Amino acid sequence: MLDFLNLIISDIKISIRKKNESIISIFFFIFSILILPLIFQGDQNILKKFLIGIIWFLTLLTIIFSVEKLFEKDYEDGVLDQIYISGVPLETIFLSKSLSIWIITCFPIVILSPLLLLLFNLQTDKLINIFFSLLIGTPILCMIGSVTSALVLGFNKGSSVISLITLPLYLPVLIFGIEASNSEIIFNQISQEFKILIGYLLIVVAVSPWIGGLALRLKYR
Amino acid sequence: MINNLFYVVSASSFTLLIMFLLIVFSLSSLKKREKIFNKISKNRKNE
Amino acid sequence: MINFKIFKYANPAKFLNLCDKIFIYLLVSMIAFLFFGLYQGFFNSPEDYQQGNLVRIMYVHVPSAWMALMIYSSIAVASCIYLINKHLLANIFCKSASLIGASFTLIALVTGSIWGKPTWGTWWVWDARITSMLILFFLYLGHMTIFNFSENTTKSGQAAALLAILGFINIPIIKFSVDWWNTLHQPASVIKLSGPSIHSSMLIPLLITALGFFLYFLVVLIIRMRSEITNEKINNLSFTE
């Protein structure tokens with residue numbers, strides 16, 4: 001447990017000090033949202049219609065960019081070897097890595113996107129919906145992305161086709177996430193789409209550390 | 001009705017075509033690999 | 001370690017022996033079932049009162065969709081067995097079943113869109129079930145590409161097994177998407193808790209055709225697995241030189 005926390009803290013420290021891609025990808029997210037009105041020529045109605053879908057799509061792209069080389073860099077540095085040799089189980093390494101990438105990239109997105117959407121004159125209910133659906137949905141995306149990036153770590157050809165493997169796994173999350181953001185909260189009851197999304201999150205959290213640990217083990221055999 | 005029949009025929013013929021092609025493809029790869037295997041094992045025996 | 005009696009056939013030589021014995025029966029019964037089922041479906045079954053002749057596309061569309069889902073589930077189960085017990089045959093099963101599943105998914109998609117053109121007016125609708133079937137197709141493609149990553153069959157096989165298990169989370173979504181969303185697609189009418197809601201004159205040919213498709217899957221599977229086993233033998237021979 002202590003290893004786990006230490007790994008997360010050191011990852012966050014490193015990424016703040018180095019200002020690497022995962023930090024830059026947040027700026028990518030913010031800028032592309034601010035560019036949107038230019039694309040739609042300031043037409044508020046069209047923009048409102050597509051805004052939620054676009055937010056989800058941009059989140060997905062940001063996560064793909066930041067997760068793609070999650071393990072590759074540490075492996076090339078030799079950091080991954082060092083952690084592995086010091087006796088930390090691979091499952092812990094995997095979980096800490098995917099959690100730290102969530103804290104570094106996704107948490108700012110989850111916090112910022114409702115604030116950014118204030119600029120687009122949306123209703124308050126929608127903002128709350130988007131906040132919660134991103135809060136539930138982004139960990140799923142992060143976990144699945146880290147599993148695939150751990151999978152292709154063992155192969156030389158892998159990194160070129162990682163998006164082909166990852167994208168189909170992302171699509172259900174995207175569909176349910178957008179449905180959940182558009183759903184209406186009636187009398188404080190959680191809508192069905194949210195329940196499906198939460199169920200998906202629970203399954204992924206239960207299954208993916210195990211799969212990710214086995215995937216990392218492919219490299220260390 | 002003739003129009004509908006055209007759709008039915010095209011769908012079913014597409015299905016049968018794909019199934020047939022899959023069988024032919026698998027059989028040809030099996031034949032190729034067995035030929036290679038026989039050649040290698042014959043060489044092995046001669047040595 | 002899980003152990004079942006059927007695992008005594010995990011030895012490739014024993015498996016091939018068994019296949020040799022039953023292959024001809026499978027082939028004959030496949031041809032009989034396919035011929036009888038399709039004949040019954042296309043010429044002897046009643047027309048639908050709404051869709052007319054078009055309903056006959058169902059006899060190729062529905063079995064192939066079932067097969068696509070069934071094959072992916074069986075791949076996921078075999079992947080679990082491979083990861084736990086390290087039977088080579090489970091890996092070979094995954095490798096050879098994947099292409100068959102992908103082609104069944106393609107058949108379901110294409111026949112579905114041919115059916116959709118006269119009934120809905122478009123070739124393609126972005127509704128829940130069609131989209132999730134497309135996702136299934138992409139899952140199959142990813143599963144197939146991972147086997148080509150490396151010459152080492154065990155390594156790429158384990159990676160593919162992990163991917164298959166991860167993708168298996170989507171299968172329930174695909175199966176029940178029709179009931180969850182109320183979309184254009186027909187609700188499931190055969191596999192339901194309250195019993196099938198389809199008339200027996202249509203149901204019987206459908207089930208016979210589905211059985212024929214299943215036997216077809218077994219026949220092609222045996223051919224492909226035999227070819228993969230031969231490939232393994234070639235690799236072993238050339239490594240020991």
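Letters go in sequence order (proteins before strands), and every chain restarts at 1. What you see is a predicted model; the values in this text were computed from it and never measured. Computed over heavy atoms, backbone and side chain alike; hydrogens, waters and symmetry mates excluded.
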Walk me through it: do C/Glu228 and B/Arg33 pass the test side chain to side chain contact (heavy atoms under 4.5 Å, CB included)?
CA-CA 9 Å; C/Glu228 288 299 332; B/Arg33 280 170 177 171; 3.4 Å; yes
Which value, rounded to the nearest 0.5 Å, describes the distance between [X] atom [atom1] and [Y] atom [atom2]?
{"X": "B/Ser12", "Y": "C/Ile107", "atom1": "OG", "atom2": "CD1", "answer": "11.5 Å"}
{"X": "B/Ser29", "Y": "C/Asn231", "atom1": "OG", "atom2": "CG", "answer": "8.5 Å"}
{"X": "B/Lys31", "Y": "C/Thr230", "atom1": "NZ", "atom2": "OG1", "answer": "10.5 Å"}
{"X": "B/Ser10", "Y": "C/Ile114", "atom1": "OG", "atom2": "CD1", "answer": "4.0 Å"}
{"X": "C/Phe104", "Y": "B/Leu22", "atom1": "CZ", "atom2": "CG", "answer": "8.0 Å"}

Taking the side chain as C-beta and beyond, is there a heavy-atom pair between B/Phe37 and C/Glu232 under 4.5 Å?
no
Any side-chain heavy atom of B/Ile23 within less than 4.5 Å of one from C/Tyr216?
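Yes - at least one pair of side-chain heavy atoms lies under 4.5 Å apart.
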Just checking B/Phe25: does its CZ atom have more than 12 heavy atoms from other residues, nucleotides or ligands closer to it than 6.0 angstrom?
no
Is it the case that over 12 heavy atoms from other parts of the model lie below 6.0 angstrom from the CZ atom of C/Phe217?
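Enclosed: over 12 neighbouring heavy atoms sit under 6.0 Å from CZ of C/Phe217.
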Top residue by heavy-atom pair count (under 4.5 Å) with chain B, among C/Val110, C/Leu38, C/Val220?
C/Val110
Under 4.5 Å from any heavy atom of chain C - which part of B/Leu17
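Answer is neither: B/Leu17 stays 4.5 Å or more from chain C.
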Kindly give the heavy-atom pair with the smallest separation between C/Thr111 and B/Ala11, and that separation in Å.
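The answer is CG2-O, 3.7 Å.
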Heavy atoms only: give me the nearest C/Ile57-B/Val8 pair and the separation to one decimal.
CG1-CA, 3.9 Å
With a 4.5 angstrom heavy-atom cut-off, is it the side chain or the backbone of C/Leu34 that approaches chain B, or both, or neither?
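The side chain, not the backbone.
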